[in-house]
Amino acid sequence: QVQLVESGGGLVQAGGSLRLSCAASGRTFSTYTMAWFRQAPGKEREFVAVISWSGGSTYYADSVKGRFTISRDNAKNTLYLQMNSLKPEDTAVYYCAAKRTPDFTVVAGRYNYWGQGTQVTVSS
């Protein structure tokens, strides 16, 4: 089992940057596929990005491709999301998620563990 704690959210102006972190407990972090999702008020939770256990493969939602970068440091049990060129439509609660199997999926229900979320607000 793994516990996830996000941090790094906040208020930023459009065009700015933020770096989210997700600290994981347990010794098996390096075996999990990790992802970021987000949920805006009144909307369903949506996929943002996913990274393989080794960090060698990544996949992004079209809405963030070229602006966001997902990465991980298995030695530190930490997942990151670097967000650049932020837009007001990026405003949401951002969640990190872990999945025991190596296949990539954008379906939230396929992930086994979730953090509590961190708020990102982008002002225009």
Side-chain angles (χ1 to χ4, degrees):
Q1 191 167 353
V2 62
Q3 292 183 324
L4 306 172
V5 180
E6 302 95 335
S7 62
L11 174 64
V12 63
Q13 288 188 332
S17 297
L18 280 175
R19 188 194 197 199
L20 304 184
S21 298
C22 172
S25 65
R27 294 177 292 179
T28 59
F29 174 76
S30 62
T31 67
Y32 287 92
T33 298
M34 299 296 298
W36 288 98
F37 286 76
R38 66 187 181 185
Q39 188 166 18
K43 295 188 177 181
E44 292 188 354
R45 192 167 298 189
E46 68 169 349
F47 168 79
V48 174
V50 61
I51 188 167
S52 62
W53 66 270
S54 68
S57 297
T58 58
Y59 179 75
Y60 296 90
D62 287 343
S63 58
V64 307
K65 198 173 298 182
R67 300 188 299 122
F68 291 11
T69 301
I70 188 172
S71 62
R72 67 191 297 166
D73 186 336
N74 287 340
K76 295 182 178 180
N77 278 11
T78 304
L79 174 74
Y80 303 100
L81 184 68
Q82 178 67 44
M83 306 186 294
N84 299 328
S85 302
L86 282 162
K87 305 175 182 180
E89 51 263 43
D90 294 319
T91 295
V93 177
Y94 283 71
Y95 299 89
C96 65
K99 189 165 67 67
R100 290 189 290 263
T101 56
D103 55 298
F104 279 11
T105 178
V106 304
V107 178
R110 296 280 306 280
Y111 288 81
N112 305 107
Y113 304 105
W114 292 84
Q116 83 291 346
T118 185
Q119 176 71 47
V120 171
T121 303
V122 184
S123 63
S124 57

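Note: hydrogens, waters and symmetry copies are ignored here, and every other heavy atom, side chains too, is used. The chain is numbered in sequence order, starting from 1.
- Between S21 and T78, the shortest heavy-atom distance links the atoms CB-CG2, 4.3 Å.
- Of all heavy-atom pairs between L86 and L18, the closest is CD1-N, 3.9 Å.
- When all heavy atoms are compared, the tightest approach of S57 to F104 is O-CZ, 3.5 Å.
- The ring-ring contact (aromatic ring centres under 6.0 Å, His included) test applied to Y111 returns F37, not counting sequence neighbours.
- Contacts of Y59 classified as ring-ring contact (aromatic ring centres under 6.0 Å, His included), with partners at least two apart in sequence or in another chain: F47.
- V2 and A98 make their closest contact through CG1-CB, 4.1 Å (heavy atoms, listed as atom of the first residue, atom of the second, distance).
- Using a 4.5 Å cut-off between side-chain heavy atoms of Ile, Leu, Val, Met, Phe, Trp and Tyr, with links allowed through other members, F29 and L81 fall into the same hydrophobic cluster.
- A single hydrophobic cluster is seen to contain both Y113 and V48, as judged by linkage of ILVMFWY side chains at heavy-atom distances under 4.5 Å, directly or through other members.
- Listed by first then second residue, pairs satisfying disulfide bond (SG atoms under 2.5 Å apart) with a partner in residues 22-117 read C22-C96, not counting sequence neighbours.
- Every pair passing salt bridge (Lys or Arg N to Asp or Glu O under 4.0 Å) that includes a residue from residues 95-106 is listed here, sequence neighbours excluded: K99-D103, D103-R110.
- Taking the side-chain contact (heavy atoms from CB on, under 4.5 Å) definition, one finds that Q39 meets it with R45, Y95, sequence neighbours left out.
- Hydrophobic clustering (side-chain heavy atoms under 4.5 Å, transitive across Ile, Leu, Val, Met, Phe, Trp, Tyr) keeps V12 apart from V93.
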Throw together a table of side-chain donor-acceptor distances under 3.5 angstrom for residues 61-68, partners on residues two or more places apart or in other chains.
unit_1: D62; atom_1: OD1; unit_2: K65; atom_2: NZ; d: 3.1
unit_1: R67; atom_1: NH1; unit_2: S85; atom_2: O; d: 3.0
unit_1: R67; atom_1: NH1; unit_2: D90; atom_2: OD2; d: 2.7
unit_1: R67; atom_1: NH2; unit_2: S63; atom_2: O; d: 2.9
unit_1: R67; atom_1: NH2; unit_2: D90; atom_2: OD1; d: 3.0
unit_1: R67; atom_1: NH2; unit_2: D90; atom_2: OD2; d: 3.4

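- Applying the side-chain hydrogen bond (donor to acceptor under 3.5 Å, both in side chains) rule to Y94 yields the partners R38; only residues at least two apart in sequence or on another chain are considered.
- Every side-chain contact (heavy atoms from CB on, under 4.5 Å) that T31 has, sequence neighbours left out, goes to T28.
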Please tabulate, one pair per line, all N/O donor-acceptor pairs under 3.5 Å involving side-chain atoms of residues 117-124, not counting sequence neighbours.
unit_1: T118; atom_1: OG1; unit_2: G9; atom_2: N; d: 3.2
unit_1: Q119; atom_1: NE2; unit_2: A92; atom_2: O; d: 3.4
unit_1: Q119; atom_1: NE2; unit_2: T121; atom_2: OG1; d: 3.3

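- Following chains of ILVMFWY side-chain contacts shorter than 4.5 Å, one cannot reach W114 starting from M34, and the two form parts of different hydrophobic clusters.
- Among all heavy-atom pairs drawn from L4 and A24, the shortest one is CD2-CB, 3.7 Å.
- Summarising the geometry of D73 relative to Y80, their closest heavy-atom pair is CB-CE1, 4.0 Å, with the distance given to 0.1 Å.
- The CZ atom of R19 lies 10.5 Å from the OG1 atom of T69; values are rounded to the nearest 0.5 Å.
- There is no path of hydrophobic side-chain contacts, each under 4.5 Å, that joins L20 to V50.
- For W53 (side chain) and T101 (main-chain N/O), no donor-acceptor pair under 3.5 Å exists by modelled atom type.
- Residues passing the side-chain hydrogen bond (donor to acceptor under 3.5 Å, both in side chains) test with N74 are R72, sequence neighbours excluded.
- For V5, the side-chain contact (heavy atoms from CB on, under 4.5 Å) partners two or more places apart in sequence, or in a different chain, are Q116.
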